Amino acid sequence: MNILLAYNDTDASNRALERAAQLAKLYEAKLVVTSVTPLAIGSPPDMTPGPELQRADARLRENGIEAELVEAIGDIASAVVEVAEAHGAGLIVIGTREPSQVERMLGHSVSEQVQRMARCDVLICH
């Protein structure tokens, strides 16, 4: 089984990283970590692992886990699901935080969007 971790170096994302690391060890699964950057018009995309992924990689290596790092560009939820599908992930692990009242009214929860769009299981870490 492959596990995809959606990572953005927030407290919630770091909790998700810890859970994904535990699951990867437990199930001897391949761990893929992605970070999504919105598309900037007119500039060529840089697909080398950025600072967020480098920090995730360092934390994982401290726990003895090697992960594949994948930069993604575009709408966050769509990009996470696309990376999961491209890497044959059976599980997406993503963090969430308590949304503001406005975010709740507008339905702007990335983790909920990923949950609705994904064809595999999604673990949302609070």
Side-chain angles (χ1 to χ4, degrees):
M1 172 174 74
N2 293 339
I3 298 172
L4 176 77
L5 168 65
Y7 188 78
N8 67 355
D9 202 22
T10 61
D11 288 342
S13 184
N14 284 315
R15 286 190 299 275
L17 180 142
E18 296 299 325
R19 184 58 52 94
Q22 291 171 346
L23 292 171
K25 276 187 178 179
L26 181 65
Y27 293 106
E28 297 178 359
K30 176 183 175 185
L31 183 58
V32 178
V33 183
T34 190
S35 178
V36 181
T37 304
L39 182 60
I41 305 297
S43 64
D46 181 7
M47 301 310 283
T48 59
E52 286 182 347
L53 286 181
Q54 291 173 10
R55 284 190 290 275
D57 190 45
R59 291 189 69 183
L60 290 167
R61 286 179 186 274
E62 287 172 4
N63 290 312
I65 297 174
E66 287 192 37
E68 180 178 349
L69 308 178
V70 178
E71 281 291 345
I73 296 176
D75 172 72
I76 297 171
S78 298
V80 167
V81 171
E82 287 173 16
V83 172
E85 290 175 357
H87 288 82
L91 177 67
I92 297 171
V93 181
I94 188 168
T96 190
R97 60 178 174 71
E98 186 62 37
S100 69
Q101 189 169 358
V102 172
E103 289 171 323
R104 255 181 283 188
M105 288 178 359
L106 297 176
H108 285 184
S109 169
V110 171
S111 58
E112 288 178 13
Q113 290 174 348
V114 168
Q115 178 184 355
R116 283 192 300 272
M117 296 170 62
R119 295 184 202 160
C120 63
D121 293 335
V122 178
L123 174 61
I124 299 174
C125 300
H126 293 272

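Numbers for residues simply follow the sequence, beginning at 1. Everything numeric here is computed off the predicted structure, so don't read it as measured data.
- In this structure the side chain of Leu123 never reaches within 4.5 angstrom of the side chain of Ile3, judged on heavy atoms.
- Nearest heavy-atom pair, Val122 versus Gln115, reported as atom, atom and distance to 0.1 Å: CG2-CA, 4.0 Å.
- Looking only at side-chain heavy atoms (C-beta outward), Ile94 and Tyr7 stay at 4.5 Å or farther from each other.
- Nearest heavy-atom pair, Ala12 versus Thr96, reported as atom, atom and distance to 0.1 Å: CB-O, 3.1 Å.
- For the residue pair Cys125 and Val93, the shortest heavy atom distance occurs at SG-CG1, 3.9 Å.
- Under the rule for a salt bridge (Lys or Arg N to Asp or Glu O under 4.0 Å), the partners of Arg59 that lie at least two apart in sequence or sit in another chain are Glu18.
- Side-chain contact check for Leu5 versus Thr34: every heavy-atom pair is 4.5 Å or farther apart.
- Residues Leu26 and Val33 are members of one and the same hydrophobic cluster, defined by side-chain heavy-atom contacts under 4.5 angstrom among Ile, Leu, Val, Met, Phe, Trp and Tyr.
- A distance of 6.5 Å separates CG in Asp75 from CE in Met117, rounded to the nearest 0.5 Å.
- Hydrophobic clustering (side-chain heavy atoms under 4.5 Å, transitive across Ile, Leu, Val, Met, Phe, Trp, Tyr) groups Val81 together with Val36.
- Rounding to the nearest 0.5 angstrom, the gap separating the CG atom in Leu69 from the CD atom in Gln54 is 8.5 Å.
- The shortest heavy-atom contact between Ala72 and Ala79 is CB-CB, 4.0 Å.
- From Gln113, atom CD reaches atom CD1 of Ile76 across 8.5 Å, with rounding to the nearest 0.5 Å.
- With rounding to the nearest 0.5 angstrom, the CG atom of Leu31 is 7.5 Å from the CG atom of Leu17.
- Checked by atom type and distance alone, the side chain of Ser13 never pairs as donor or acceptor with a backbone atom of Gly95 at under 3.5 Å.
- For Glu68, the salt bridge (Lys or Arg N to Asp or Glu O under 4.0 Å) partners at least two apart in sequence or on another chain are Lys30.
- With rounding to the nearest 0.5 Å, the separation of CG in Leu4 from CD in Glu85 is 10.5 Å.
- Evaluation of the side-chain hydrogen bond (donor to acceptor under 3.5 Å, both in side chains) rule for Ser35 yields Glu52 as partners, not counting sequence neighbours.
- In the hydrophobic clustering of ILVMFWY residues, with side-chain heavy atoms under 4.5 Å counting as a link, Met1 and Val83 come out apart.
- Residues satisfying the side chain to side chain contact (heavy atoms under 4.5 Å, CB included) test with Gln22, not counting sequence neighbours, are Arg19.
- With hydrophobic clusters built from ILVMFWY side chains whose heavy atoms lie under 4.5 angstrom apart, Ile65 shares a cluster with Leu53.
- Judged by distance alone, the side chain of Glu71 and the main-chain N or O of Gly50 form a donor-acceptor pair under 3.5 Å.
- Distance check, rounded to the nearest 0.5 Å: NE2 of His87 to CG of Asn2 gives 8.5 Å.
- Side-chain heavy atoms closer than 4.5 Å link hydrophobic residues (I, L, V, M, F, W, Y) into clusters, and following such links, even through other members, never connects Val70 to Leu91.
- Applying the salt bridge (Lys or Arg N to Asp or Glu O under 4.0 Å) test to Asp121 and every residue at least two apart in sequence or in another chain returns nothing.
- In this structure, the salt bridge (Lys or Arg N to Asp or Glu O under 4.0 Å) partners of Arg61, at least two apart in sequence or on a different chain, are Asp57.
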